[in-house]
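A quick write-up on the structure given underneath.
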There are 2 protein chains.
Amino acid sequence: MINQNIKIAVDAIVFGYEKGTLYVLAIQQRFGKLADSWVLPGGFILDDEPLINAVERELKEEAGIAVNYLEQLGTFGDDVNRDDRFRVISVAYFALVNPKNFVLKADTDAKDAKWFPINEIPKLGFDHDDMVKLAHQRLKSKLTYQPIGFDLLDAEFLFSDLENLYCTILEQDIDRRNFRKKILSFGIVKETNKVVKIGASGRPGKLFSFDKHKYNQLLKENFQFDIRFA
Amino acid sequence: MINQNIKIAVDAIVFGYEKGTLYVLAIQQRFGKLADSWVLPGGFILDDEPLINAVERELKEEAGIAVNYLEQLGTFGDDVNRDDRFRVISVAYFALVNPKNFVLKADTDAKDAKWFPINEIPKLGFDHDDMVKLAHQRLKSKLTYQPIGFDLLDAEFLFSDLENLYCTILEQDIDRRNFRKKILSFGIVKETNKVVKIGASGRPGKLFSFDKHKYNQLLKENFQFDIRFA
DNA sequence: TTACTTTGTGTTGATTTTACACAAATAGAG
DNA sequence: CTCTATTTGTGTAAAATCAACACAAAGTAA
């Protein structure tokens, strides 16, 4: 029978968005060679544990969160020495969450758990910088062809929130009128009849919500979400 | 230290295209419980072997081919019993090759290696049917936003070849004039000055070739390959 | 009441996409 | 040799989409 001496881990790149800033969740290690340094949440999987469960478990354990969106990003196993203790192959996951929904709480294993603005992430251990980079690209491109932005927002949001999210993450200006027109033309964002005022001044705005059911229906009819701007 | 009892394998979904048919490479097993049944090329990785090398090695060993295009597809590790001998997590790769470039030759491990038209693939072992399905989706969508079709064709091809490839794989009709116009507008397909006649009748056509260098240049200038039709 | 901020809305010109047909070059049949 | 069948090569016009752009309405703070 085959003999292998390789361990398998999962890691997660969790994105959060709040008030014009994109954040990534990192964990400060308590033990081991990398004690005190920051890494992505993750860890070894159990023998009888599906990969996806392992990620969800680690996120719960290390930071106390449950994400809105989770998908496999890619598997890092070309650099045989990415972990210098022994060979570890890591399956990286891409996740989205609304930071407001949770208070981060570091587990026993972790010294701390913290949101870092994407441009102020400290040097991470292992090859986790590469993972973040890849995940960031995925986020940017996916935002244009799948309605995943809503997983970063409250269930009900102002149109300006959605617009700012796109501006922030895609790092480009967007024409407010054209953006609203296009999003509404899809018919997957519904206007509630609530009107709220958030900031200190300015005209109150209507709240909107993402109609997931409608979106799923449209998918069956070959609908293609697609939002890009000059 | 962590103890795990999980093995890691790689598998490849290799697509080939010839004369209006899309093919997938499968291997007939010689040994083991699944002897005689068909599976995707692949196998266990070595302790000091990068994942990508493992795939290339297996493709060489089991079928005698080297592919034109290779990328990670995804990792299958949620079904703990996908292999009923013991737990195996498999990293699946997506590959493209021009079948003309190789004569398949089954290795010692394999009883046979064969191209199956995508619609006539026998029931494959393990969860390899799922892998093929996922890879097929990836192929279809990727064809529309990356110029990977060329990796399935000869270096020099008739415009009708390219067009038929798109029709075949995307399973839709394409307007010949609009297709040619759009492809040529990108400037990544160059017309050679060779004129050939392939079939038994009809006007001879010019040969074209994909200008990879030009494509890479354009990528730096934010060029986005994109070809879709009603 | 005035200044400031944010929401909400429509039109026009430019660009892109779609639909569509016939002539040129060749092979094969008669 | 001529007629038919087959494949390549090419342009235009209508329709749809995209891009650019400005001002009124509803609120707060001074």
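Convention: sequence-line order gives letters A, B, ...; per-chain numbering from 1.
For Ser209(B) and Thr192(B), the side-chain atoms include no donor-acceptor pair closer than 3.5 Å.
A distance-only check finds no donor-acceptor pair linking the side chain of Asp127(A) to the backbone of Asp130(A) [under 3.5 Å]. In this structure, the side chain of Glu62(B) engages the main chain of Gly42(B) through a donor-acceptor pair within 3.5 Å. Remark: the backbone N or O of Val39(B) is not paired with any side-chain donor or acceptor of His128(B) at under 3.5 angstrom.
Each of Arg228(B) and Arg203(B) has a nearest nucleotide on DNA chain C; the 5'-most of these lies closest to Arg228(B). Of the two residues near DNA chain D, Val195(A) and Leu207(B), the one whose nearest nucleotide lies more 5' is Leu207(B).
Rounded to an integer number of Å, the gap from Ile183(B) CD1 to dT17(C) P is 13 Å. Put simply, CG on Asp226(A) is 19 Å from P on dA16(D), counting in whole angstrom units. Put simply, CZ on Phe229(A) is 15 Å from P on dC21(D), counting in whole angstrom units. The interatomic distance linking Ile227(B) (CD1) with dT17(C) (P) rounds to 10 Å, in whole Å.
Residues from residues 170-181 of chain B that place a heavy atom under 4.0 Å from any atom of DNA chain D, listed by number: Arg176(B), Arg177(B), Arg180(B), Lys181(B). For DNA chain C, none of the residues of residues 141-165 of chain B falls under the heavy-atom distance limit of 4.0 Å.
Identified under the ring pair (Phe, Tyr, Trp, His ring centres under 6.0 Å) test for residues 170-191 of chain A, with sequence neighbours left out: Tyr166(A)-Phe179(A), Phe186(A)-Phe223(A), Phe186(A)-Phe225(A). The salt bridge (charged side-chain N to carboxylate O under 4.0 Å, His left out) analysis of residues 167-178 of chain A, with sequence neighbours excluded, yields the pairs Lys140(A)-Glu171(A).
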What donor-acceptor contacts under 3.5 angstrom involve side-chain atoms of residues 12-27 of chain B, with partners at least two apart or in another chain?
| unit_1 | atom_1 | unit_2 | atom_2 | d |
| --- | --- | --- | --- | --- |
| Tyr17(B) | OH | Gly20(B) | N | 3.2 |
| Tyr17(B) | OH | Leu165(B) | N | 3.3 |

Assess the residue pair Phe76(B) and Phe126(B) against the criterion (ring pair (Phe, Tyr, Trp, His ring centres under 6.0 Å)); give the C-alpha distance rounded to whole Å, side-chain angles, the decisive distance to 0.1 Å, and a yes or no.
CA-CA 11 Å; Phe76(B) 289 67; Phe126(B) 309 109; over 10 Å; no

Under the criterion side chain to side chain donor-acceptor pair (under 3.5 Å), I'd like the reasoning laid out for Tyr215(A) against Gln217(A): C-alpha separation, chi angles, the key distance, then a yes or no.
CA-CA 5 Å; Tyr215(A) 174 64; Gln217(A) 266 186 328; over 6 Å; no

What are the atom names and distances for every N/O pair under 3.5 Å that joins the protein to nucleotides 27-30 of chain C?
| unit_1 | atom_1 | unit_2 | atom_2 | d |
| --- | --- | --- | --- | --- |
| dA27(C) | O4' | Ala200(B) | O | 3.4 |
| dA27(C) | O3' | Ala200(B) | O | 3.0 |

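You'll find the side chain of Asp11(B) reaches within 4.5 Å of the side chain of Ser90(B), heavy atoms only.
With salt bridges taken as basic N to acidic carboxylate O contacts below 4.0 Å, one links Arg138(B) and Glu71(B).
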